[in-house]
Amino acid sequence: MSPRRRDAEGAAAARAARRTELLGTAAEVFAERGYAATTVREVADAAGMLGGSLYYHFDSKESMIDEILSGFLTALWRDYDAVLARGGGAERTLRGLVAASFQAIDRDRAAVVLYQNEAKHLAPNPRFGYLDESRGRFRDMWVGLLEQGVRDGSFRADLDAPVVYRFIRDTVWLAAGWYRPGGRLGADEVARQYQALVLEGIQGC
């Protein structure tokens, strides 16, 4: 490899790393202050740079939150799809999905908070149409899994799948409001606690 090409690739890697770092900072600021209330200058201040310098990496505040949310959902669905592909029955799959959810909170807590707080406001914008698509996919996945568990006897026969889906969704994702990486309990241990509580209520006899 020529020195010029090596230098070019090194510069590109540095730009990509800086872009990822800036998105992390933006996610934290948006999550703390609210997307609409946050200015580009405030994100730049948090990143330790001039406001105009941020436009070297992103053309708008909307582009930043788009990249944060789409990246979060892409990674989450990659993990969910891996759990679903393993199979092994409704109970095992439920445990895997809950664990993957807490791993996502541990990895992208600010993005989870943003998704919860901002998705409903952003979804009407055609640019963010994937948010409604993902929400529908979440519902279909969880309701289908719960109905499968009822059919095979893993879960209670009187279980109302849409109601239990909403309970699991809200119970798990609201944990992003209090969970902090590096805290007293790690993501896997918190997931085990939630798995036990959910399954105690819905398992069949």
Side-chain angles (χ1 to χ4, degrees), residues 12-81 97-139 141-142 165-166 168-187 190-191 194:
R15 285 196 300 272
R18 181 57 171 158
R19 184 183 182 88
T20 299
E21 180 184 351
L22 291 172
L23 283 173
T25 299
E28 292 289 346
V29 177
F30 291 155
E32 179 182 349
R33 304 180 186 179
Y35 171 70
T38 302
T39 65
V40 170
R41 178 177 292 278
E42 287 172 327
V43 175
D45 287 345
M49 63 194 305
L50 297 174
S53 299
L54 199 58
Y55 288 106
Y56 173 74
H57 300 276
F58 306 98
D59 61 15
S60 66
K61 187 173 75 165
E62 186 178 80
S63 292
M64 285 187 277
I65 195 169
D66 184 10
E67 195 161 336
I68 291 165
L69 292 177
S70 62
F72 157 65
L73 289 172
T74 296
L76 179 64
W77 278 110
R78 178 198 63 214
D79 294 346
Y80 278 175
D81 286 341
L97 293 175
V98 170
S101 299
F102 276 99
Q103 289 160 6
I105 293 172
D106 185 69
R107 180 179 63 234
D108 294 317
R109 189 199 67 83
V112 173
V113 173
L114 271 179
Y115 180 79
Q116 289 179 309
N117 294 343
E118 308 293 348
K120 59 182 176 294
H121 305 299
L122 294 169
N125 183 332
R127 179 172 188 168
F128 296 94
Y130 61 85
L131 295 174
D132 273 342
E133 292 174 9
S134 190
R135 184 160 44 238
R137 191 177 172 193
F138 281 139
R139 184 188 184 283
M141 177 188 73
W142 279 106
Y165 150 68
R166 292 184 179 92
I168 294 173
R169 177 197 64 191
D170 294 346
T171 301
V172 169
W173 292 114
L174 286 176
W178 58 263
Y179 177 82
R180 292 295 182 274
R184 185 174 63 85
L185 297 177
V190 176
Y194 273 65

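Only this structure's heavy atoms are used, side chains among them; waters, hydrogens and symmetry mates stay out.
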Test log, rule side-chain contact (heavy atoms from CB on, under 4.5 Å), inputs Glu28 and Arg109: CA-CA 9 Å; Glu28 292 289 346; Arg109 189 199 67 83; 3.6 Å; yes
Check against side-chain contact (heavy atoms from CB on, under 4.5 Å), Leu73 and Tyr115: CA-CA 9 Å; Leu73 289 172; Tyr115 180 79; 4.0 Å; yes
CA sep, side-chain torsions, deciding dist, call: Leu97, Met141, side-chain contact (heavy atoms from CB on, under 4.5 Å): CA-CA 10 Å; Leu97 293 175; Met141 177 188 73; 4.0 Å; yes
With heavy-atom distances below 4.5 Å as the criterion, would you say the side chains of [X] and [Y] are in contact?
X: Val112; Y: Leu76; result: no
X: Asp170; Y: Gln116; result: no
X: Glu62; Y: Asn125; result: yes
X: Phe58; Y: Leu22; result: yes
X: Glu67; Y: Phe72; result: no

Is a side-chain donor-acceptor pair under 3.5 Å present for [Y] with [X]?
X: Ser101; Y: Trp173; value: no
X: Ser63; Y: Arg127; value: yes
X: Tyr130; Y: Asp66; value: yes

Using modelled atom types and a 3.5 Å cut-off, is there a donor and acceptor pairing between side-chain atoms of [X] and backbone atoms of [Y]?
X: Arg33; Y: Thr38; answer: no
X: Glu118; Y: Tyr35; answer: yes
X: Glu42; Y: Thr39; answer: yes

Inter-residue atom distance [X].[atom1] - [Y].[atom2], 0.5 Å rounding:
X: Phe102; Y: Tyr194; atom1: CZ; atom2: OH; value: 4.5 Å
X: Met64; Y: Arg19; atom1: CE; atom2: CZ; value: 10.0 Å
X: Asn117; Y: Phe30; atom1: CG; atom2: CZ; value: 13.0 Å
X: Asp108; Y: Gln103; atom1: CG; atom2: CD; value: 11.5 Å

Criterion side-chain contact (heavy atoms from CB on, under 4.5 Å) on Leu122 and Leu69, from CA distance to verdict: CA-CA 11 Å; Leu122 294 169; Leu69 292 177; 3.7 Å; yes
All side chain to side chain contact (heavy atoms under 4.5 Å, CB included) counterparts of Glu32, not counting sequence neighbours: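 Side chain to side chain contact (heavy atoms under 4.5 Å, CB included) check on Glu32 returns nothing, list empty.
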Non-neighbouring partners of Ser53 that pass side chain to side chain contact (heavy atoms under 4.5 Å, CB included), sequence neighbours left out: Met49, Leu50
Over 12 non-hydrogen atoms of neighbours within 6.0 angstrom of CZ in Arg137: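 It does: Arg137 CZ has more than 12 such atoms within range.
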Could you tell me which non-hydrogen atom of [X] sits nearest to which non-hydrogen atom of [Y], and how far apart they are?
X: Ala46; Y: Val29; answer: CB-CG2, 3.6 Å
X: Ile68; Y: Ala111; answer: CG2-CB, 3.9 Å
X: Ala47; Y: Thr25; answer: N-CG2, 3.9 Å
X: Arg135; Y: Ala119; answer: NH1-CB, 4.1 Å
X: Ala110; Y: Ala31; answer: O-CB, 3.8 Å

Contacts table for residues 178-186: side-chain donor-acceptor under 3.5 angstrom, sequence neighbours left out:
unit_1	atom_1	unit_2	atom_2	d
Tyr179	OH	Asp106	OD1	2.6
Tyr179	OH	Ala187	N	3.2

Aromatic contact, Phe138 with Trp77 (centres under 6.0 Å): yes
Salt bridge (Lys or Arg N to Asp or Glu O under 4.0 Å) between Lys120 and Asp132, intermediate numbers included: CA-CA 8 Å; Lys120 59 182 176 294; Asp132 273 342; over 6 Å; no
